[in-house]
Number of protein chains: 2
Amino acid sequence: MNKKQLIMEKSLELFAKQGFEATSIQQITDYCSISKGAFYLSFKSKDELILALIDHFMIQFTADADYVVTNTEDDEKLFYEFYYSTFHSFQKHSDFTKVLMKEQTHSFNKDFIIKMRAYDKLFEKTILSMIERVYGEEVEHTKYDLVYCIKGFISIYSQLFLLQKAPVDLNLLSRSLVEKTNLLARHTTIPFISQEMIQIGNEPLNEEVTKEQILDIMEQKIEEIEESIEKESLILLKQHLIEPTLSQAIVKGLLENIRNHPHCKWISYLLRGYYKF
Amino acid sequence: MNKKQLIMEKSLELFAKQGFEATSIQQITDYCSISKGAFYLSFKSKDELILALIDHFMIQFTADADYVVTNTEDDEKLFYEFYYSTFHSFQKHSDFTKVLMKEQTHSFNKDFIIKMRAYDKLFEKTILSMIERVYGEEVEHTKYDLVYCIKGFISIYSQLFLLQKAPVDLNLLSRSLVEKTNLLARHTTIPFISQEMIQIGNEPLNEEVTKEQILDIMEQKIEEIEESIEKESLILLKQHLIEPTLSQAIVKGLLENIRNHPHCKWISYLLRGYYKF
DNA sequence: TTGACAATTGACCGATTGGTCATTATTATA
DNA sequence: TATAATAATGACCAATCGGTCAATTGTCAA
């Protein structure tokens with residue numbers, strides 16, 4: 001098994017239990033049954049491991065949410081699909097979600113905070129685009145508050161059901177939140193958050209990603225993953241990106257092929273943005 | 001100045017900036033201009049300092065919220081007063097609020113988590129009593145969800161305005177949240193959280209506090225605070241607790257005298273419960 | 001079988017941590 | 001002023017941290 005993956009998986013378990021600071025590299029290497037030196041062959045430092053974990057999972061969360069928004073045609077179902085998918089992701093990667101809950105704004109490391117803020121802004125942007133699409137002009141003055149309320153719902157209900165041992169009815173939860181969202185969207189009259197207050201648009205991750213950057217990441221991922229449909233699709237997409245030869249339908253199909261592979265979600269997200277799907 | 005207070009105030013500043021784990025006792029003692037040994041004369045350990053800080057502030061938050069609920073007669077204004085008071089407290093003790101945000105469920109220390117959970121449950125209980133009072137039967141099936149939504153609002157908007165440097169219009173914020181609360185209370189039909197799910201009532205801090213326990217705390221506080229109206233009132237209340245001699249009006253007045261003294265809020269809270277005001 | 005090269009190890013490093021305690025400074029009492 | 005009691009100090013401790021690197025083991029073409 002890939003050392004890097006092994007370390008990431010095992011360390012995440014420990015982080016979820018104890019938090020970053022409280023987990024020593026010694027503990028991680030013991031748990032992985034490798035030596036301390038071997039750890040530093042895979043990661044330059046403990047911080048680099050943490051940043052890699054954040055990227056790995058936040059990329060999936062962000063891409064998943066974006067995919068749902070892009071690929072749900074029925075406006076009526078949009079928020080339901082969004083809530084369901086979000087909580088489903090949280091549940092699936094509950095260890096990482098627990099770490100997020102624990103650390104939150106925390107962790108003194110500047111890079112860490114900047115990274116999390118950037119992903120948070122992306123998430124906000126996705127929510128805002130949903131709101132504008134479903135409610136349009138109707139919520140012009142209250143849409144930013146709505147963004148925050150939705151974030152509040154997700155945050156507080158996640159906390160609740162991560163502590164719960166019993167399985168949670170995600171369908172019921174999502175439906176109940178859709179009802180609340182609709183209520184707030186349609187009847188709120190007193191806005192509190194103004195556009196200036198959250199200044200969407202000044203964050204680095206919003207920048208357009210260049211073709212070359214995408215190619216770099218693709219090559220990297222092609223190296224990483226084993227022979228499979230996903231790898232083939234990735235190679236074809238890479239060639240198409242260098243010199244377009246395929247029809248839009250084929251490209252969409254290829255994107256569909258790779259979108260559920262954990263290593264390809266980010267590429268899938270970037271390419272959808274690049275081709276303006 | 002009292003050493004204990006000095007350490008608590010100064011350490012809180014450092015915790016707010018850096019977090020618990022990242023702040024060493026050396027840093028704290030340097031910042032207080034005292035020696036390391038002196039620190040251990042006031043607190044048995046670093047953990048004890050942290051627990052003292054939590055008690056000091058959570059007692060104030062809890063007691064403040066409870067006071068507002070008990071002393072607001074107009075149901076129409078109840079939630080407004082509650083939101084306003086809560087955010088006002090957060091703003092006033094923003095350093096502690098920041099620490100709470102940072103650490104949250106965090107911090108591996110069992111005692112810490114248990115304590116925070118207990119205060120959280122008290123807060124939930126206060127919110128629930130407000131909901132039942134204002135909306136009554138109407139929200140029988142959705143009241144627990146409402147509790148969580150309100151907690152979500154408070155949590156997410158606190159985050160927002162703690163990061164904001166500019167002063168925040170608490171009046172506007174509170175009014176906007178009251179509107180949202182009313183909307184959710186009056187029109188939500190799909191409940192998600194059931195009573196069993198949050199099992200209110202199984203936490204230790206809910207237990208009835210005995211007269212002796214209150215007396216202990218009162219004696220301790222009488223030692224702590226300097227000569228003042230508050231101290232006199234405290235002594236009178238103590239005597240009355242041992243052997244009731246004063247009329248209810250006088251007791252109420254004495255309680256009013258002490259309720260704004262930082263050291264007396266908890267006593268005020270306990271006595272109000274004891275006398276069933 | 002050899003030997004060049006890469007992968008892996010874990011003893012070791014300096015720094016820092018929470019906590020201790022013999023010693024010293026300060027204050028109160030007589 | 002002399003003495004007892006209390007408050008305060010900071011050098012010191014063992015433990016642990018993230019990180020390094022000389023030494024060892026494994027791999028594979030020649």
Side-chain angles (χ1 to χ4, degrees), chain A residues 1-54 99 102-103 106-113 115 223-224 226, chain B residues 1-54 99 102-103 106-113 115 220 223-224 226-227:
Chain A
M1 161 137 53
N2 187 324
K3 275 276 154 57
K4 220 162 174 170
Q5 265 178 265
L6 173 75
I7 294 171
M8 285 172 74
E9 280 173 28
K10 292 289 188 181
S11 68
L12 186 62
E13 285 183 49
L14 296 175
F15 289 152
K17 275 186 216 148
Q18 310 167 332
F20 287 154
E21 306 300 319
T23 304
S24 69
I25 290 181
Q26 192 68 63
Q27 272 181 290
I28 296 172
T29 54
D30 285 352
Y31 198 46
C32 293
S33 302
I34 60 170
S35 70
K36 215 169 174 185
F39 175 90
Y40 283 94
L41 290 177
S42 293
F43 296 97
K44 264 186 273 184
S45 68
K46 194 184 178 187
D47 280 355
E48 207 189 75
L49 163 62
I50 294 164
L51 292 176
L53 277 172
I54 294 173
V99 174
K102 276 191 212 284
E103 310 298 327
H106 191 40
S107 185
F108 11 99
N109 185 325
K110 277 267 193 288
D111 295 340
F112 177 99
I113 295 170
K115 208 175 255 294
E223 291 294 314
E224 271 179 38
E226 70 294 348
Chain B
M1 159 142 48
N2 186 324
K3 272 278 152 58
K4 221 162 173 166
Q5 265 180 266
L6 172 73
I7 294 171
M8 284 171 76
E9 279 173 28
K10 293 290 188 181
S11 68
L12 186 61
E13 284 183 50
L14 296 175
F15 289 153
K17 276 185 217 152
Q18 310 168 334
F20 288 154
E21 306 300 320
T23 304
S24 69
I25 290 181
Q26 193 66 61
Q27 270 182 292
I28 296 171
T29 54
D30 286 352
Y31 197 46
C32 293
S33 301
I34 61 170
S35 70
K36 215 168 173 187
F39 174 91
Y40 284 93
L41 291 177
S42 294
F43 296 96
K44 263 185 274 180
S45 67
K46 195 184 176 186
D47 279 356
E48 207 189 75
L49 164 62
I50 293 165
L51 292 176
L53 277 172
I54 294 174
V99 174
K102 275 191 213 282
E103 310 298 327
H106 191 38
S107 187
F108 13 99
N109 185 324
K110 277 268 193 289
D111 295 339
F112 176 100
I113 295 171
K115 209 175 252 295
Q220 191 186 321
E223 291 296 314
E224 270 180 36
E226 69 295 346
E227 296 299 328

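Every value quoted in this text rests on a predicted model; they were computed, and no experiment measured them.
For the side chain to side chain contact (heavy atoms under 4.5 Å, CB included) test with A/Q26, the passing option among A/I28, A/T23, A/T29 is A/T29; the others fail.
Counting non-hydrogen atoms under 4.0 angstrom, A/T23 reaches the backbone sugars and phosphates but no base. Within 4.0 Å (heavy atoms only), B/S42 reaches no atom of the nucleic acid at all.
With hydrogens and angles left out, the side chain of B/K46 and the base of C/dG19 share no donor-acceptor pair within 3.5 Å.
Here the side chain of A/E48 pairs no donor or acceptor atom with the backbone of A/S45 at under 3.5 angstrom. With hydrogens and angles ignored, the 3.5 Å screen pairs no side-chain donor or acceptor of A/K3 with any backbone N or O of A/I34.
Between the C1' atom of C/dA15 and the CD1 atom of A/I25 lies a distance of 15 Å, rounded to the nearest Å. Rounded to whole Å, atom C1' of D/dG18 lies 13 Å from atom CG of A/L49. Atom C1' of nucleotide C/dG18 and atom NZ of B/K36 are separated by 6 Å, given to the nearest angstrom. When the P atom of D/dC17 is taken as reference, atom CG of A/D47 falls 16 Å away, rounded to whole Å. Per the geometry, CD1 belonging to B/I7 stands 12 Å off C1' belonging to D/dA8, to the nearest Å. Here D/dC21 presents its C1' atom at 17 Å from CZ of A/F39, a figure rounded to the nearest Å. Distance A/F43 CZ to D/dG19 C1': 16 Å, rounded to the nearest Å. Atom CG in A/L41 sits about 10 Å away from atom C1' in C/dT9, given to the nearest Å.
Considering only side-chain N and O atoms, A/K3 lies under 4.0 angstrom from the phosphate OP1 or OP2 of C/dT8. Phosphate proximity of D/dC17 to A/S24: present, with a side-chain N or O under 4.0 Å from OP1 or OP2.
Comparing D/dA8, C/dG10, C/dT20 by their closest approach to the side chain of B/Y40 singles out C/dT20.
In this structure, the side chains of B/D47 and B/F112 stay at 4.5 Å or more apart for every pair of heavy atoms.
Shown here for A/Q27 and A/A22, the closest heavy-atom pair between the two residues is OE1-O, 3.5 Å.
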